[in-house]
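Please read the structure below before turning to the comments.
In what follows, chains carry the letters A, B, and so on, assigned in the order in which the sequence lines appear, proteins first and then strands, with residues in each chain numbered from 1.
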Amino acid sequence: MIKKLFTLISFLWACQAAYAQNPQAFWLQFKKLYNADQYTTMYDLLAPSFKAQMSLKEHTAFFKNNIKQGAGKMNSAVLLQYGDEGNTFLLSFEKMQLEVLLVLDQKDKVLGWMWQPYKAIKTPTISIRYDNPLKTKTDSTIDQEARRYIAQYPKARLSFAIVSPAKTDYYYYAADELPDAQSVYELGSITKTYIGWLVARAVTEGKLDLATDIRQYLKGPYKNLERNGRPILIKHLLNHSSGLPRLPEDYMSFIKDNYNPYESYSNEDLLKSLQKSKLSAAPGTQSVYSNYGYGILGYLLEQVYQQPLEQLLNHKLQSVLQLDSITFKPTPPLIQGYDEGMEPVPAWTFKAMAGAGALKTTLKATAAFLQQQINEQDKAIKLSHTVIDPHIQPLIAYAWQVAPFKKQADTLIWHNGMTGGFSSFYGFFTQQKTGLVILSNVAQPTDAYANEILKSLQEQ
Amino acid sequence: MQNSIKVERARKDITQEALAQAVGVSRQTIISVESGKYIPSTILALKIARFFHTNVETIFTLDPKD
């Protein structure tokens with residue numbers, strides 16, 4: 001009923017003058033007169049051209065019978081938006097809110113106005129749930145970066161950890177359901193740092209030598225796995241300098257499912273690919289980031305320990321570092337991942353390429369592993385931070401990227417990861433002994449956000 | 001490794017630039033992938049295949065000489 005009454009009064013003049021001079025003063029005066037029932041004085045707020053269209057009687061009837069009866073006394077007016085035709089105001093009355101498009105002339109007289117019930121604009125503002133004490137500068141930076149990420153990627157359920165030698169702080173952000181310390185994420189290529197640690201472990205246990213030709217563990221001659229007389233050594237797989245490509249040359253022909261590219265590629269396939277691979281450069285001379293190389297390292301570790309990689313990793317994590325178990329399998333409570341366009345996608349499964357990115361685990365477990373990196377108490381962990389070859393850029397240790405961080409006399413040791421539906425970052429400062437973990441269930445990189453948080457950590 | 005990205009682009013009248021934007025990489029990356037100089041990451045390969053509504057193995061096939 002009310003809606004029908006409050007329709008367009010006059011709008012024909014809207015285009016003539018779009019310059020409201022002093023709308024706040026206008027509404028103050030309007031309010032005073034309207035609340036005092038001085039409709040006749042109010043009529044003088046209208047411009048002559050408007051008066052010619054609307055008699056005092058019509059004017060009075062509209063405000064007295066419709067607005068006053070329906071909405072009651074006026075409380076306030078706030079500007080909702082500027083417009084080419086006029087400015088829109090939100091008027092609050094005792095009983096309801098009304099929206100008024102107002103056009104004033106240069107003397108602040110009403111050329112036209114349109115009254116209608118206020119329809120709250122369906123703004124796509126997401127209310128973000130979070131778990132963050134918001135006390136320190138780092139807390140605030142995490143808050144800011146989490147909100148920035150979720151605003152762009154609304155499906156994201158973000159987990160953060162700030163890790164120091166004796167303490168870890170956890171933070172969670174999401175537009176809908178908050179993740180927690182037990183939510184499982186795919187870590188993607190962060191897996192490589194776990195493999196790096198296993199290799200370091202094998203070295204400290206005397207089971208592997210970084211200078212060993214990898215062909216010692218492969219059955220067959222593999223004449224192709226050398227160049228200029230230089231064979232691929234285990235260390236070349238660690239710092240991506242083997243000369244092998246990013247993926248086996250025949251790899252794409254194994255991808256049957258656009259959403260699960262590693263599921264079918266087996267150890268047998270890997271050994272066959274290795275017979276045909278060509279090295280792009282002599283081993284130990286150039287860095288080419290290679291999932292292939294880490295697939296091979298996983299295979300080599302299985303040969304050395306005569307155990308499946310997942311089992312071996314779990315065994316070592318639990319017995320050496322007293323850490324929780326991890327998994328390579330997409331089992332609950334793995335949370336739903338989303339691709340770059342916010343579509344839900346299935347988790348990735350792995351066979352031979354597990355070493356490149358199969359790991360699935362929680363924020364708590366990832367932070368605990370990072371804490372051990374910071375503390376460097378395990379010999380193998382300390383060893384795994386050693387740069388393999390300082391002459392090859394970027395500097396790479398046992399999978400870890402080693403980077404001097406800006407002007408500070410500190411070094412950031414880090415890795416990131418991405419799968420079809422997840423992305424991740426973790427790293428720590430060797431001098432300051434603080435670290436950061438970011439886990440996201442959206443395949444959009446978190447590196448830029450991590451960088452902001454790392455900067456604030458350094459300033460703290 | 002050979003691939004049919006160029007053919008697929010021609011079929012759908014898509015420029016390298018448009019494909020690059022759609023899958024979130026530089027045009028230079030698309031050029032390198034098309035010419036076979038650069039083996040894309042699995043994620044990029046998946047994005048390209050999905051962009052053309054086909055499978056990775058359809059787009060990226062082995063050179064029979066390899």
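- Proximity to chain B (any heavy atom under 4.5 Å) is restricted, for A:Y262, to the side chain, taken from C-beta onward.
- Comparing A:N258, A:L247, A:I255 by how many heavy-atom pairs each has under 4.5 Å with chain B, the most go to A:N258.
- Partner of A:K155 under the side chain to side chain contact (heavy atoms under 4.5 Å, CB included) criterion, out of A:E343, A:Q336, A:M342: A:M342 alone.
- Judged purely by distance below 3.5 Å, without hydrogens or angles, the side chains of A:S273 and A:Y265 pair a donor atom with an acceptor atom.
- For A:S280, no part sits under 4.5 Å from any heavy atom of chain B, backbone or side chain.
- If you measure heavy-atom distances from B:T58 to chain A, you find no contacts under 4.5 Å at all.
- Checking side-chain atoms of A:T193 against main-chain N and O of A:I190 turns up a donor-acceptor pair under 3.5 Å.
- In this structure, A:D339 pairs ionically with B:R50, as a charged nitrogen and a carboxylate oxygen lie closer than 4.0 Å.
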